[in-house]
Amino acid sequence: MNLRGLAATAVIALGLTALHATPAQAANILVNPGFEADLSAWTCSAAAQAQIVSSPVHGGAKALRATPAGGDFARCQQTITVKPNTAYQLSAWAQGSYVFLGATGTGVNASTWGMPGSAWTQLKTSFTTGATTSSVTIHLNGWYGQTAYTADDVVLDGPGGDDTLPPTVPGNPAVGAPTAGSLTFTWSPSTDNVGVNRYEVSRDGGTPVSVTGTSYTATGLSASTTYKFKVRACDAAGNCSAYSTEASGTTTGTGGDVTPPTVPGNVAVGSPTTSSLAVTWSASTDEVGVDRYEVSRDTAAPVAVSGTSHTATGLAADTAYGFRVRACDAANNCSAYSTSVSGRTAKDTVPPGDIKYAPYIDITMPNPSLVSAANATGVKNYTLAFVLGDSSGCNPAWGGTIPVAEPRIINDVKALQAQGGQVIVASGGAMGPYLEHTCGSSAALLAAYKKVLDTVGTNHLDVDVEASIDVNKVNTALKQLQAERGTVISYTLRIQGQDYGVDPFSLQILQDAAAKGLEVVVNPMLMNFGYTGNWGDAMIAAAQATLNQMKGVWPGKTDAQLKRLLGVTPMIGKNDTGMTTTQSDARKLLTWANANHIGFIGFWSVARDNGGCPNGQVSPTCSGISQSTYEFSNIFKGFTG
């Protein structure tokens, strides 16, 4: 909200594009597509911290890693000559929270993105050049506020520019130098009218790996296994020869280690939450050494861990799960599984506790007071906005300037509580400095949260995220707070679009919370996002899209449980970016919320809930529409949960 200093949210207009067109000639025309020649032929933004890494890699020995910083997406790109009116296919293998792949040029604007996490995932898109297209720029990038991404084996399949003659086919392919985990493939050099730029080696018909010499060592192979290799030569224009005939080779055995480790003992399941269980066991022994443990839940595919504990997350509440563990050595000898041991997750509570409806009030403003609003409307619960860091740093203050124990505010809160009311403390918002920024550690942030909660006498905390935060630091502090006090915690998050839900960074926050076993109410801000059609319908669509995202974050929860974890917070009256939430829109949203039994409703803000400026202006002290005083407070008072 601009009324709170809301920064405009960038909108991603990217989508997956299916591969329908077939290129005139399949050839990877990119230079240094696997980053084996470091960053040669690639240009990266100055803030990208681009580097070449040896692990993890998808193919070959090297890969690209780049880190977004501030508003920089860590883009790396390469411009390549192409032919007009021709179909091309673009792909890359990637790891990271959010990774984007695309191509731009005259008449070309193709893009795709994904959330591969730590697993290598192939991104794919395609495009057809226009009549005047002579070159395209291929780009990779991450997203603001995210961790580093890794990319490898980028492929642009199609014909290159003016040079149309391919090199000769590589000769004398041979496989040798076997070990238990590697084979070396060699061939004789090709010739070309301009010059050979690279060779592309395909193993067992898979995606080719680019190399500059006439040999390639494939690593990470299985022992006593036969593999087939073929190679083609390509020039700088992307013309590639046919593949050579295939050559085969077989890796050696494991070197004699055939004895598995002992079976893990003392397997136990404990530390239940509504969505997680912790599994522990005693260490196994092995004649060479234990390499890993594999934990299977309910006989499903195992998860590999390096220590003697594992926390299973994303589970359903009040549900029994069985776990068994085995130990494996580096030669892939594995013990038998332990006897299955069961544990049960905790029973579900109904968040957000005893507060289902709490409109936001800018507590830095003297009017209206909490008590006066409560007396006029009968609404007893309010969300206090916003606690920030003061000029000294990690010290909570209202608006960053008013001490948390300021008598006007505390006396008002205590008077409301004396009438049976309660408050939620909201941190963050659109203005800084965030406590989540100024507190340098999870422990310091935890102490700041405790200070403000203790000062006002509540156990309800709302974290409003409208800027990048250190997700691990914040969620670690919140998890500790919840573990110590049972604090009810909500995240108020930005909406990307009516059919999208919360934005990618907000989704990452929730994914990390789920991984840590942190229970949160998800409170999307139904305001200031692009939409089509009726605004009331758009708000409902955005809430439903957020609910759909939550199913992916907490797959073990039922629809009813997820709905109880969902809140909604519209901005009443005239919004900052043009839309208007009318009384009719509010009633439509309320009807949907009651029918779906969601967990919470708020709105921004109590000070605006009057008709003092019915001329359409955007103001912190009136709604900008014709209405009676506290009309929206009374509409949403009909929320039954």
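Throughout, residue positions are numbered sequentially from 1 according to the sequence presented.
When all heavy atoms of Asp329 and Asp291 are compared, the pair lying nearest together is C-CB, 3.5 Å. The nearest pair of heavy atoms linking Val57 to Ala63 is CG1-N, 3.8 Å. Nearest approach of Gly206 to Ser202, heavy atoms of both residues: O-OG, 2.8 Å. Minimum heavy-atom separation, Glu436 to Lys473: O-NZ, 3.0 Å. Taking each heavy atom of Arg326 and Ala336 in turn, the nearest pair found is CB-O, 3.7 Å. Considering every non-hydrogen atom in both Ala148 and Pro68, the closest pair reads CA-CD, 4.3 Å.
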Go through it in stages, so that I can follow the logic: the residues are Phe185 and Thr217, the test is side-chain contact (heavy atoms from CB on, under 4.5 Å), and I'd like the CA-CA distance, side-chain angles, deciding distance and then a yes or no.
CA-CA 6 Å; Phe185 179 43; Thr217 299; over 6 Å; no
Show the numbers, then the answer: is there a side-chain contact (heavy atoms from CB on, under 4.5 Å) between Thr476 and Val474?
CA-CA 5 Å; Thr476 298; Val474 175; over 6 Å; no
Please determine whether side-chain contact (heavy atoms from CB on, under 4.5 Å) holds for the pair Arg292 and Cys334, giving the CA-CA distance in whole Å, both sets of side-chain angles, and the decisive distance to 0.1 Å.
CA-CA 9 Å; Arg292 66 189 183 279; Cys334 294; 4.2 Å; yes
Let me see the working for Thr308 and Thr280 under side-chain contact (heavy atoms from CB on, under 4.5 Å), right down to the final yes or no.
CA-CA 6 Å; Thr308 56; Thr280 60; over 6 Å; no
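Listed for the Thr225 side chain is a donor-acceptor partner under 3.5 Å among the backbone atoms of Ala223. Here the side chain of Asp153 pairs no donor or acceptor atom with the backbone of Trp93 at under 3.5 angstrom. Between the Thr129 side chain and the Thr86 main chain, a donor and an acceptor come within less than 3.5 Å of each other. Distance alone, capped at 3.5 Å, places no donor-acceptor pair between the Tyr216 side chain and the Tyr199 backbone. Side chain of Ser244 to main chain of Val231: a donor-acceptor pair is present (N/O by atom type, distance under 3.5 Å, no hydrogens or angles). Although no hydrogens or angles enter the test, the distance criterion places a donor-acceptor pair under 3.5 Å between the side chain of Ser188 and the main chain of Gly171. Of the possible polar contacts, one joining the Glu36 side chain to the Ala61 backbone as a donor-acceptor pair under 3.5 Å is found. Under the 3.5 Å distance criterion, the side-chain polar atoms of Tyr227 are matched with a main-chain donor or acceptor of Ser222. Put simply, the side chain of Ser91 never gets that close to the backbone of Lys124: no donor and acceptor are under 3.5 Å apart. Between the side chain of Tyr337 and the main chain of Glu294, no donor-acceptor pair closer than 3.5 Å is present.
Results of the side-chain contact (heavy atoms from CB on, under 4.5 Å) test with Leu64 over Thr150, Leu39, Asp152 single out Leu39 as the only residue that passes.
Under the 6.0 Å cut-off for aromatic ring centres, Phe127 and Tyr88 qualify, their centroids lying closer than that.
We find the OG-CH2 distance between Ser215 and Trp187 to be 6.0 Å, quoted to the nearest 0.5 Å. Atoms CD and CG, from Gln89 and Leu156 in turn, are 9.5 Å apart once rounded to the nearest 0.5 Å. Taking CD1 from Ile52 and CZ from Arg65, the interatomic distance works out to 10.5 Å, rounded to the nearest 0.5 Å. Rounded to the nearest 0.5 Å, atoms CG (Leu507) and CE (Met550) are 11.0 Å apart. Note that OG of Ser468 is 6.0 Å distant from NE2 of His437, once rounded to the nearest 0.5 Å. Atom CG of Asn85 sits about 7.5 Å away from atom OG1 of Thr133, to the nearest 0.5 Å.
Between His58 and Trp120, the ring planes are perpendicular. Angles over 60° get that label, and only those under 30° would be called parallel.
Residues Val31 and Trp42 have side chains not in contact (no heavy-atom distance under 4.5 Å, counting atoms from C-beta outward). Put simply, the side chain of Ile469 reaches to within 4.5 Å of the side chain of Ile509, judged on heavy atoms. Residues Leu123 and Val99 have side chains in contact (heavy-atom distance under 4.5 Å, counting atoms from C-beta outward). Ile80 places a side-chain heavy atom less than 4.5 Å from the side chain of Val82. Counting only heavy atoms from C-beta outward, the side chains of Tyr321 and Leu277 approach each other to under 4.5 Å. Counting only heavy atoms from C-beta outward, the side chains of Leu510 and Leu493 approach each other to under 4.5 Å. Here the side chains of Phe100 and Ser111 are not in contact, with every heavy-atom distance at 4.5 Å or above. Looking only at side-chain heavy atoms (C-beta outward), Ser190 and Val169 stay at 4.5 Å or farther from each other.
Thr81 and Ser135 form no side-chain donor-acceptor contact under 3.5 Å, judged by distance and modelled atom types alone. A donor-acceptor contact closer than 3.5 angstrom is absent between the side chains of Asn141 and Tyr98. If you check the side chains of Thr179 and Ser182, you find a donor sitting under 3.5 Å from an acceptor. Checking Thr226 against Thr250 by side-chain atom types alone, a donor-acceptor pair falls below 3.5 Å.
Stacking of Lys62 on the aromatic ring of Phe35 is not recorded, the 6.0 Å distance cut-off and the 45° axial limit not both being met.
Considering only residues two or more places apart in sequence or on other chains, Trp281 meets the ring pair (Phe, Tyr, Trp, His ring centres under 6.0 Å) condition with Tyr293.
A salt bridge links Asp503 to Arg494: one of the charged nitrogens lies within less than 4.0 Å of a carboxylate oxygen.
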